[in-house]
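Data block below; observations after.
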Amino acid sequence: QVQLVESGGGLVQPGGSLRLSCAASGSIFSINAMGWYRQAPGKQRERVATITSGGSTNYADSVKGRFTISRDNAKNTVYLQMNILKPDDTAVYYCNAYILSGTSWRTDNYWGQGTQVTVSS
């Protein structure tokens, strides 16, 4: 059984910062790509940022220069540092990871439960 648990969401004023964390736990042999996605009310879920096991990153154009994704492989954790937040960044943020289970020996795609980020004055 593998779980992803996010934390760090909340209410912040425009121009402020938040740091999201997502920890993977369970029967994990290895973790490949990890990433953050978001879904605003009435919109489709969109990719925010991804990071490979080797540390290569990729960002949506809307967050480039403001958000930074990183990971701690020893802790099976991925982070999203969000700076200069805008009202348009308001959404539920979801963690995603491709994990090779040490039990089933199969790589599956896992999602966290989501954490709300609200940017408002």
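These numbers were taken from a predicted model, which means no experiment stands behind them.
- For the pair Ile69 and Thr57, the tightest heavy-atom approach, listed with the atom from each and the gap, is CG2-CG2, 3.6 Å.
- Under the 4.5 Å side-chain heavy-atom criterion for grouping Ile, Leu, Val, Met, Phe, Trp and Tyr, Val2 is not connected to Tyr37 through any hydrophobic cluster.
- Side-chain contact check for Ser53 and Asn32: no donor-acceptor pair (N or O, by modelled atom type) lies under 3.5 Å.
- Counting heavy atoms from C-beta outward, Arg38 and Thr90 have side chains that stay 4.5 Å or more apart.
- Closest heavy-atom contact between Val92 and Gln116: CG2-OE1, 3.2 Å.
- With rounding to the nearest 0.5 Å, the separation of OG1 in Thr118 from CG in Asp89 is 11.0 Å.
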**Q.** Chi angles and distances behind the side chain to side chain contact (heavy atoms under 4.5 Å, CB included) call for Lys75, Ser21
**A.** CA-CA 11 Å; Lys75 295 181 179 180; Ser21 299; over 6 Å; no
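- Counting heavy atoms from C-beta on, the side chains of Ile31 and Asn76 come closer than 4.5 Å.
- For the pair Val78 and Cys95, the minimum side-chain heavy-atom distance is below 4.5 Å.
- Val119 pairs in a side chain to side chain contact (heavy atoms under 4.5 Å, CB included) with only one of the listed residues (Leu11, Leu85, Leu18), which is Leu85.
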Q | Intermediate values then yes/no, salt bridge (charged side-chain N to carboxylate O under 4.0 Å, His left out), Lys64 and Asp61 | A | CA-CA 5 Å; Lys64 279 181 182 176; Asp61 287 343; 3.1 Å; yes
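- Counting all heavy atoms, side chain and backbone alike, Val12 lies closest to Gly16 at CG2-CA, 3.8 Å.
- In this structure, the separation between CD1 on Ile28 and CD1 on Ile99 is 4.5 Å, given to the nearest 0.5 Å.
- The aromatic rings of Trp111 and Tyr94 sit perpendicular to each other, their planes meeting at more than 60°, with 30° as the lower class boundary.
- Taking the side chain as every heavy atom from C-beta outward, Arg47 and Asn58 approach each other to under 4.5 Å.
- With hydrogens and angles disregarded, no donor-acceptor distance shorter than 3.5 Å links the side chain of Arg71 to the backbone of Ala33.
- You'll find the side chain of Leu20 stays beyond 4.5 Å of the side chain of Glu6, heavy atoms only.
- The two atoms that bring Met34 and Thr77 nearest to each other are CE-C, 4.5 Å, heavy atoms only.
- In terms of hydrophobic clustering, with Ile, Leu, Val, Met, Phe, Trp and Tyr side chains grouped at heavy-atom distances under 4.5 Å, Trp36 and Tyr110 are assigned to a common cluster.
- A 6.0 Å sphere centred on OH of Tyr59 holds more than 12 heavy atoms belonging to other residues, nucleotides or ligands.
- Distance check: Arg19 CZ to Met82 CE gives 11.5 Å after rounding to the nearest 0.5 Å.
- Side-chain contact check for Asn96 versus Arg45: every heavy-atom pair is 4.5 Å or farther apart.
- A 6.0 Å sphere centred on CD of Gln3 holds no more than 12 heavy atoms belonging to other residues, nucleotides or ligands.
- Tyr79 has its side chain out of reach of Thr68: every pair of non-hydrogen atoms, C-beta onward, lies at least 4.5 Å apart.
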